Visitor: 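First the structure, which I've put down as structure tokens, then a few questions once you've had a look.
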Amino acid sequence: MNPLSAAELGILDWIAAHCQSAWMDVLMPAITRLGDSGIIWILLGFAILLFSRKERATGFQVLTALLLSLIFCNLLLKHAVGRIRPCDLNTAVELLIHRPGDPSFPSGHTSASFAAAMVLVLTKWRGRWAAMALAVLIAFSRLYLYVHFPTDVLGGALVGTVCALLAVDIWRKWLDKTAFGRILTGTQEENAP
């Protein structure tokens, strides 16, 4: 085992020793399930896109950031790095969730969460701080549940943030003033003679 992984196992063991309780053992799996396959963020992105006429662009950007996160994190980086999970190194830990079968770095739950939440922060969506708090909780749940190293979570947060910046940049530079952008936001109707 390399020194970084050993040090990170120490952090996970500290979390287990100082944060573990019966109610956290119920709460953390529930929070992590919200991030499974990015479902909470996908639903939020579609809800904003479909039901908030003035903020459709924000919903589109959330969904774009999630797609970028899926590509960069889950399809490219996880398999390129191929890092083993902490629960596979320390098999004495009793997991509260099913053992994930994919590689550990970066955390896909964290990447998707930060991709969506950072778009909401960058676009100043009214629920942005609640979304960011949920993203942080989902990231922490991955540590609490012993399925990711701290650097996996930090890497996921970084990848997600980059995906959010790219999604917002794509919208602002290329799509906002196009016919698609005007149709999506409804400004085409307002500008009609």
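No hydrogens, no waters, no symmetry mates; every other heavy atom, side chains included, goes into these values. A quick note: this is a predicted structure, and the numbers were derived from the prediction, not measured.
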Visitor: Distance-only, no hydrogens or angles: does the Thr32 side chain make a donor-acceptor pair with backbone N or O of Met28 under 3.5 Å?
Guide: no
Visitor: Are Trp14 and Val147 linked, directly or through other ILVMFWY residues, by side chains that come within less than 4.5 angstrom of each other?
Guide: yes
Visitor: Might you point out which heavy atoms bring Ile138 and Trp41 nearest each other, and give the distance in Å?
Guide: CD1-NE1, 3.9 Å
Visitor: Among the clusters formed by ILVMFWY side chains lying less than 4.5 Å apart, do Leu4 and Leu77 turn up in the same one?
Guide: no
Visitor: Residues two or more places apart in sequence or in another chain: which of them pass ring pair (Phe, Tyr, Trp, His ring centres under 6.0 Å) with His98?
Guide: none
Visitor: Where do Glu55 and Thr58 land on the side chain to side chain donor-acceptor pair (under 3.5 Å) test, with the steps shown first?
Guide: CA-CA 5 Å; Glu55 297 174 315; Thr58 297; 5.6 Å; no
Visitor: About how many Å separate CH2 of Trp125 and OG of Ser52, when rounded to the nearest 0.5 Å?
Guide: 8.5 Å
Visitor: Do Val81 and Leu68 sit in the same hydrophobic cluster, where Ile, Leu, Val, Met, Phe, Trp and Tyr count as joined when their side-chain heavy atoms come under 4.5 Å apart?
Guide: no
Visitor: Are side-chain heavy atoms of Arg33 and Ile40 found at a separation under 4.5 Å?
Guide: no
Visitor: Shortest non-hydrogen contact from Thr110 to Ser107?
Guide: OG1-OG, 2.9 Å
Visitor: Is there a side-chain contact between Leu158 and Leu154 (heavy atoms, below 4.5 Å)?
Guide: no
Visitor: Hey, is Asp152 close enough to Arg83 for a salt bridge, meaning N to O under 4.0 Å?
Guide: yes
Visitor: For the CG atom of Leu9 and the CG atom of Asn90, what is their distance to the nearest 0.5 Å?
Guide: 6.0 Å
Visitor: Sequence neighbours left out, what passes side-chain contact (heavy atoms from CB on, under 4.5 Å) with Ser111? Give chain and number order.
Guide: Ser69, Cys73, Val159
Visitor: I'd like to check Trp171 versus Val119 (side-chain heavy atoms, cut-off strictly below 4.5 Å). Are they in contact?
Guide: no
Visitor: Indicate yes or no: at least one non-hydrogen side-chain atom of Leu44 is less than 4.5 angstrom from one of Val62.
Guide: no
Visitor: Please identify each residue that fulfils side-chain hydrogen bond (donor to acceptor under 3.5 Å, both in side chains) with Arg99, with sequence neighbours left out.
Guide: Asp88
Visitor: Who pairs with Leu96 by side-chain contact (heavy atoms from CB on, under 4.5 Å), at least two apart in sequence or on another chain?
Guide: Asp25, Pro29, Tyr144, Leu145
Visitor: In chain order, what residues pass the side-chain contact (heavy atoms from CB on, under 4.5 Å) check against Ser21, with sequence neighbours excluded?
Guide: Trp23, Met24
Visitor: Between His148 and Phe105, is there a donor-acceptor pair closer than 3.5 Å when you use the side chain of the first and the backbone of the second?
Guide: no
Visitor: Measure the OG-CZ distance between Ser5 and Phe149 for me, rounded to the nearest 0.5 Å.
Guide: 4.0 Å
Visitor: Rounded to the nearest 0.5 Å, how far apart are CD1 of Ile84 and CG of Leu89?
Guide: 4.5 Å
Visitor: What distance separates Leu120 CG from Gln61 CD, expressed to the nearest 0.5 Å?
Guide: 9.5 Å
Visitor: Of all heavy-atom pairs between Ala116 and Leu66, which one has the smallest distance, and what is that distance?
Guide: CB-CD2, 4.3 Å
Visitor: Is there a path of hydrophobic side-chain contacts, each under 4.5 Å between heavy atoms of I, L, V, M, F, W or Y residues, that connects Leu43 with Leu49?
Guide: no
Visitor: For a quick test of reading the model, state the closest non-hydrogen atom pair linking Leu63 to Ile42 and the distance between them.
Guide: CD2-O, 3.9 Å
Visitor: Under 4.5 Å between any side-chain heavy atoms of Arg142 and Ser113, yes or no?
Guide: no
Visitor: Hydrophobic side-chain clustering at under 4.5 Å (ILVMFWY, transitive links): who's grouped with Met132? Put none if nobody.
Guide: Phe114, Met118, Val121, Trp129, Val136
Visitor: If we ignore hydrogens and angles and just use 3.5 Å, is the side chain of Arg172 paired with the main-chain N or O of Val168 as donor and acceptor?
Guide: no
Visitor: Hey, any chance Ile39 and Ile48 share a hydrophobic cluster, counting ILVMFWY side chains that come within less than 4.5 Å of each other, even indirectly?
Guide: no
Visitor: At their closest point, which heavy atom of Leu95 faces which heavy atom of Cys87, and how far apart are they?
Guide: CD2-CB, 3.8 Å
Visitor: Atom CG in Asp36, atom CD1 in Ile97: separation rounded to 0.5 Å?
Guide: 7.5 Å
Visitor: Looking at every non-hydrogen atom in both residues, tell me the closest pair between Glu8 and Thr151 and how far apart they are.
Guide: OE1-N, 2.6 Å
